[in-house]
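Okay, so here's the structure we're looking at.
In each ligand, atom 1 is the first atom listed, and ligand 1 is the first ligand listed.
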Amino acid sequence: MTDRIVSAEVLVGSPTRNYVTLRITTADGIVGLGDATVNGRELSVASYLRDHIAPLLIDTDPSRIEDTWQYLYRGAYWRRGPITMAAIGAVDMALWDILGKRAGLPVYQLLGGRVRDAVPYYSHAFGWDIPALLESVAEHRERGETYIRVQSGVPGLDKVYGVSKDPNYEPAGRGARPSEEHFEPGLYMRNLPKVLGAVRDMVGPDIHLLHDAHHRLTPTQAARLAKSVEEFDLFWLEDVTPAEDQEALRLVRNASVTPLAIGEVFNTIWDCQYLIENRLIDYIRTAIVHAGGISHSRKIYALAEAHGVKAGPHGPSDVSPIALAASIHLAASTHNWGVQEYMGYSELVHEVFPHAWSASDGTLQPGDAPGLGVELNEELLLQHPYEPAYLPTARRFDGSVLDW
Ligand code: GCO
Ligand code: MG
C-alpha cells in the first residue's frame with residue numbers, strides 16, 4: 001500500500017543564525033527533513049512553503065519525488081528564483097530522506113552508491129593582514145585540511161568580505177537593516193597577488209588554495225586579476241564577476257588558465273547551461289538547497305559531466321546541516337565532484353540538527369543512517385526564535401552601490 005503525506009510543517013528558528021526547516025510526516029509515521037534557508041529572505045521562503053506548497057502536499061504519495069518536483073515547478077507557472085527553488089529544494093530533500101528511511105538505506109545508496117571513499121572539503125582561512133592569514137592557514141593545515149580558501153584584509157578598506165573580527169565568520173548581521181561596507185577594486189586587486197604569493201610560499205605546491213572575489217569585478221578587472229594570480233596555482237578563483245553577465249567570463253577565460261568557479265546564486269540548470277556548455281567555468285557551485293534539491297542538482301551535475309565541469313557546491317553556514325547532508329550524499333555518489341565547501345557550524349547548530357555525517361582530516365563522510373541522517377531538536381530550535389538578519393551591502397568610495 002502506498003504511504004501518503006499527512007503534514008508539512010515549516011519551522012523557523014535562529015540558533016546562532018536563521019534557518020528555515022521543512023518537516024514532512026507520512027501516514028506511516030516516517031519523517032523527512034528539508035532545508036529552505038535563503039539568507040536574509042527567510043520569511044519569504046517560509047511563507048512560500050507554508051501558504052502555497054504545504055497544502056498541495058497533503059495526501060500525496062511521498063515516493064513520487066520526481067513527479068512532485070515537476071508539479072511544484074511547472075504547476076506554479078512562475079518559475080525559478082531563489083525563493084521558489086529553495087522551497088522546492090526543501091520538499092525534494094525531505095522526500096529523498098523519507099524514501100531512504102522507508103528503504104532503510106542512506107540516500108547515497110539510492111543515488112547509485114559510493115564513487116569515492118571520502119569527500120574532500122575546503123574550509124575558510126582568513127586574516128586582516130598576511131601574518132594573521134598565515135597563522136589561520138597553519139591552523140587549517142594542523143587539522144589535516146588540504147583544500148583551503150584564503151581571504152585577507154585589504155589595506156585601505158575597513159571591512160572586507162570573508163574576513164571577520166570574530167573567529168567564526170558569519171556574513172549576515174542581526175538587525176533590521178543590512179550593514180554597509182566600502183570597496184575599491186584597485187586596492188583589492190593590487191593586494192591579492194601579494195597575499196596569495198605569501199600563502200603559496202608557506203604551504204608549498206601540494207595544498208589546494210581557493211579564493212572568492214564575490215562578484216565584484218568588471219570583466220577586464222577580472223581578467224587582469226585571474227592573470228596576475230596565475231603563478232600561484234589556485235584550485236579555483238570564485239565569483240570573479242557578477243554571475244548574471246555570463247559572457248563576461250569569456251574574457252577571463254581567454255586571458256588566463258586560472259580555474260574558475262561560479263554559481264552559488266544560480267537556481268536552475270538553465271542558469272548554468274550557457275557557462276557549462278561553453279566551457280567558461282571549471283566548477284559549478286549551485287547549492288543543493290537553492291537549486292531545487294537533490295533531483296535537480298543531479299541534472300546540473302550530469303550536464304556538467306558531459307562538458308568536463310565539476311561540482312563544487314556552496315556550503316556556508318547559511319546552508320543548514322540538512323542541506324549539507326544532501327550535498328555530502330550527492331558527493332559520495334557523483335563522479336564529477338571537485339570539492340565541497342564546509343564552513344562549519346556553531347556547537348548549538350550541531351545540537352539543533354544532530355547528524356550522521358561527519359567531518360575530519362579535511363574530508364566529509366555521509367554516515368550510514370537511513371535517509372539523509374539528520375534529525376531536528378525542535379525544542380532547542382524554538383528556544384531561539386527568528387531574528388531579522390541581513391547580508392551586508394557595499395558601496396564604492398564615491399557612494400555608488402556595488403555588488404557585495
Ligand atoms: C561562499 C559564499 C558565502 C555567501 C553567503 C551568502 O562562497 O561561501 O560566498 O560566504 O556570501 O553564503 O549567504
Ligand atoms: Mg562564494
Taking 4.0 angstrom as the limit, do [X] and [Y] come out as a salt bridge?
{"X": "R200", "Y": "E231", "result": "no"}
{"X": "R4", "Y": "D59", "result": "yes"}
{"X": "R253", "Y": "D282", "result": "yes"}
{"X": "K299", "Y": "E66", "result": "yes"}

Quick one about [Y] and [X] (side-chain donor to acceptor, distance below 3.5 Å, no hydrogens or angles considered), yes or no?
{"X": "E264", "Y": "H290", "result": "no"}
{"X": "S164", "Y": "D166", "result": "no"}
{"X": "Y108", "Y": "D368", "result": "yes"}

For [atom], what is the nearest protein heavy atom, given as residue, atom name and distance?
{"atom": "atom 5 (C) of ligand 1", "value": "D318 OD1, 3.6 Å"}
{"atom": "atom 8 (O) of ligand 1", "value": "E341 OE2, 2.4 Å"}
{"atom": "atom 6 (C) of ligand 1", "value": "L391 CD1, 3.7 Å"}

Compare [options] and give the one whose heavy atom is closest to [atom].
{"atom": "atom 13 (O) of ligand 1", "options": "D239, T37, N39", "value": "N39"}
{"atom": "atom 10 (O) of ligand 1", "options": "Y390, Y342, W404, Y161", "value": "Y161"}
{"atom": "atom 11 (O) of ligand 1", "options": "H214, E264, M343", "value": "H214"}

I need the atoms of ligand 1 closer than 4.0 Å to a non-hydrogen atom of R285, numbered in the order shown.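 Every atom of ligand 1 under 4.0 Å from some heavy atom of R285: 1 (C), 7 (O).
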Against heavy atoms of P316, which atoms of ligand 1 measure under 4.0 Å?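 Atoms satisfying the 4.0 Å criterion: 8 (O), 12 (O).
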Hey, is ligand 1 close enough to H314 that some N/O pair sits below 3.5 Å?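 Yes, at least one N or O pair falls under 3.5 Å.
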Would you list the protein N, O or S atoms within less than 2.8 Å of the Mg ion (ligand 2), leaving out water?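 Near the Mg ion (ligand 2), below 2.8 Å, one finds D212 OD2, E238 OE2, E264 OE1.
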Heavy-atom contacts under 4.0 Å between R17 and ligand 1: side chain, backbone, both, or neither?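 The answer is neither.
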F183 and Y188 aromatic ring geometry - parallel, tilted or perpendicular at 30°/60° bounds: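 Rings of Y188 and F183: tilted, as their planes differ by 30° to 60°.
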Please check if atom CZ in R114 has more than 12 non-hydrogen atoms from other residues, nucleotides or ligands closer than 6.0 Å.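 Yes.
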Residues 386-393 side chain polar contacts: donor-acceptor under 3.5 Å, at least two apart:
residue	atom	partner	partner atom	Å
E387	OE2	R174	NH1	3.2
T393	OG1	S179	O	3.2

CZ of R17 to OG1 of T37: how many Å apart, nearest 0.5 Å?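 One gets 7.5 Å once the value is rounded to the nearest 0.5 Å.
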